[in-house]
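Before any comments, here is the structure.
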Amino acid sequence: MGLQWSREEERRPLLAGSRAPRVFGRRWLVLLLFSLLGFMQGLVWNSWGPIQNSARAAYGFQGLDIALLVLWGPIGFLPCFLFMWLMDTRGLRVTVLLTLLCMVLGAGLRCIPVSDLALRRRLIHGGQLLNGFAGPTAMNAAPFLSTTWFSPDERATATAIASMLNYLGGACAFLIGPLIVPAPNNTSGSHLTEGHVASIKDRIEAVMYTEFGVIALLFAAVVAYFPARPPVPPSVAAAGRRLSYRSSVWRLLSNVRFLMIVFAYAIPLGFYAGWSGVLDLILTPIHINQVDAGWIGFWSIVGGCFVGIAVGRFADSVRGVLKPILVLLFSASTLSATWFTLTFLSRVTHLPLTTATIYTSCILIGVFLNGTVPIFFEMFVETVYPVPEGITCGFVTFLSNIFTGLLLVFLTFYHIGE
């Protein structure tokens, strides 16, 4: 008997006596509230990349600041295992409330009206970091929620919806920012009139105030109603015992099959998340404006969300097809990424470098890569059961965010050297 990381009563089965598993209609309300949390967290995280030229003009941000504003998301994963421990031991309600509290404070911090631009930039950075602390729950808790509330033939669909809405929030940032916030007359933001700068700043602040209001309403809704678990578990798996945290960590690190799946997810999805977060910054040198970059980012993620949910529904209907689906999606994303890369070597490949080819190749990369997310999450949980879903997905997304952070750190140092 060693030191246990969770108490015996916390590992006791939920299903007792002769009560049969059942599902409750309220599960869809719980899924909706959690999905909205993920949506808003992704929306706030990706606020600045799509409007980086406007942010430079309004607040004096530099390329380093834009990369750092995106980097706060992966940095916010440092307390990831604290949130996962809280979810596995105290349930969804406490974890979601703490997560939304971080989001409310972060969104509010960005809205504090101060005239000193240097102080305002620090407040915005602080708000983005607090929103980053909400990332572990928004990105990790989908399998835990689906296992806790949904029957086995609905679980992949629920996981797909809950996990994809976080990505959809990031996608809508590509659309909302460039459509509401006017771009400067040129990418450098120089030679702007004072009135134009004030107009840009007013629009950015309107977006931030609106996001703060929506998050505050969502927090109030969760305070009013968000149960930790249903009265009766929906399946035997939901009622089963879970391993202690020490046993769980050992099981994860000693399972070679699980680690192979983890790296197959973490490396491509981690780098892609960082790349898409600063897409406007990357495409500016080839004269793709922030509106076009926004539409590229939007459709690449939205397409991935639809594919992910459709694939999740298909996986619920036909068992044993997760691996073939992943191979197909990764093959398609590899071909799309190859096409995107070769267009930049047009002097050698003679492939046209046009807005149409950039649009198509970028969107296809996002569609096929993002479509793999719910399938991966189901594979993670199934591979290491009865390890708690929280620590399993926490380990995976923590590693994924390391790769996201590595790319953003590279971009940060690149801009320092400019």
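A donor-acceptor contact shorter than 3.5 Å is absent between the side chain of T147 and the backbone of F144. At distances below 3.5 Å, not a single donor-acceptor pair connects side-chain atoms of R93 with backbone N or O atoms of Y225. Under the 3.5 Å distance criterion, the side-chain polar atoms of T95 are matched with a main-chain donor or acceptor of G91. A distance-only check finds a donor-acceptor pair linking the side chain of S35 to the backbone of L31 [under 3.5 Å]. The backbone N or O of F39 sits nowhere less than 3.5 Å from a side-chain atom of N166 that would complete a donor-acceptor pair.
Nearest heavy atoms, L33 versus A221: CD2-CB, 4.1 Å. Smallest separation of non-hydrogen atoms from G132 and P136: O-CD, 3.6 Å. Taking all atoms of both residues into account, the shortest heavy-atom contact from A142 to A162 is CB-CB, 3.6 Å. C172 and L43 get closest at one heavy-atom pair: C-CD1, 3.9 Å. Here the shortest heavy-atom pairing between V307 and G371 reads CG1-CA, 4.0 Å. Across all non-hydrogen atoms, the minimal contact from G49 to I66 is CA-CG2, 4.2 Å.
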### Task
Please assess L326 against M379 for the test side chain to side chain contact (heavy atoms under 4.5 Å, CB included), listing each intermediate value before the final yes or no.
CA-CA 10 Å; L326 279 180; M379 290 185 70; 3.1 Å; yes

### Query
Passes side chain to side chain contact (heavy atoms under 4.5 Å, CB included), L117 versus K201? Steps please.
CA-CA 11 Å; L117 284 183; K201 192 173 180 181; 3.7 Å; yes

### Query
Hey, mind stepping through F330 and F376 against ring pair (Phe, Tyr, Trp, His ring centres under 6.0 Å) and telling me if it holds?
CA-CA 12 Å; F330 265 116; F376 268 120; 5.7 Å; yes

### Message
Between S47 and V207, does the side chain to side chain contact (heavy atoms under 4.5 Å, CB included) criterion hold? Intermediate values first, please.
### Response
CA-CA 9 Å; S47 295; V207 171; 5.9 Å; no

### Message
Between F403 and F271, does the ring pair (Phe, Tyr, Trp, His ring centres under 6.0 Å) criterion hold? Intermediate values first, please.
### Response
CA-CA 6 Å; F403 289 104; F271 280 126; 5.6 Å; yes

### Step-by-step side chain to side chain contact (heavy atoms under 4.5 Å, CB included) determination, Q128 to V44
CA-CA 8 Å; Q128 293 299 118; V44 172; 3.8 Å; yes

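No more than 12 heavy atoms of other residues, nucleotides or ligands sit less than 6.0 Å from atom CZ of F263. Around the CZ atom of F306, the shell of radius 6.0 Å holds no more than 12 heavy atoms that belong to other residues, nucleotides or ligands.
A 4.5 Å side-chain heavy-atom check between I402 and P74 finds every atom pair outside the cut-off. Side-chain contact between F212 and V104 is present, with heavy atoms from C-beta onward closer than 4.5 Å. For the pair P227/V30, a side-chain contact is recorded, criterion being any heavy-atom separation below 4.5 Å from C-beta on. Taking 4.5 Å as the limit, some side-chain heavy atom of N140 sits within range of a side-chain heavy atom of C80. Two residues are said to be in side-chain contact when any heavy atoms from C-beta on lie closer than 4.5 Å; L92 and F226 meet this criterion. Residues C102 and N131 are not in side-chain contact: their nearest non-hydrogen atoms beyond the backbone lie 4.5 Å or more apart. The closest side-chain heavy-atom distance from F133 to L78 is not below 4.5 Å. Contact of the F174 side chain with the I51 side chain is not registered, since no non-hydrogen atoms from C-beta on lie closer than 4.5 Å.
In this structure, OH on Y59 lies 10.5 Å from CD1 on I200, to the nearest 0.5 angstrom. Put simply, CG on L37 and OG1 on T137 are 7.5 Å apart, with the number rounded to the nearest 0.5 Å. Going from atom OG1 of T341 over to atom CD1 of I365 covers 7.0 Å, rounded to the nearest 0.5 Å. The line from OG1 of T383 to CG of L252 is 10.5 Å long, rounded to the nearest 0.5 Å. Of the inter-residue distances, the one linking L129 atom CG with L69 atom CG reads 11.0 Å to the nearest 0.5 angstrom. Taken to the nearest 0.5 Å, the CZ atom of F340 stands 12.0 Å off from the CD1 atom of I363.
For W28 and F150, the ring centers are positioned less than 6.0 Å apart. Taking the six-membered ring for Trp and the full ring otherwise, the centers of F61 and W48 sit less than 6.0 Å from each other. In summary, the aromatic rings of Y265 and F380 are positioned with their centroids under 6.0 Å apart.
The pair R110-E211 meets the salt-bridge criterion, with a side-chain N (NZ, NE, NH1 or NH2) lying under 4.0 Å from an Asp/Glu carboxylate O.
In the model, T159 has a side-chain atom that pairs as donor or acceptor with a side-chain atom of S146 under 3.5 Å.
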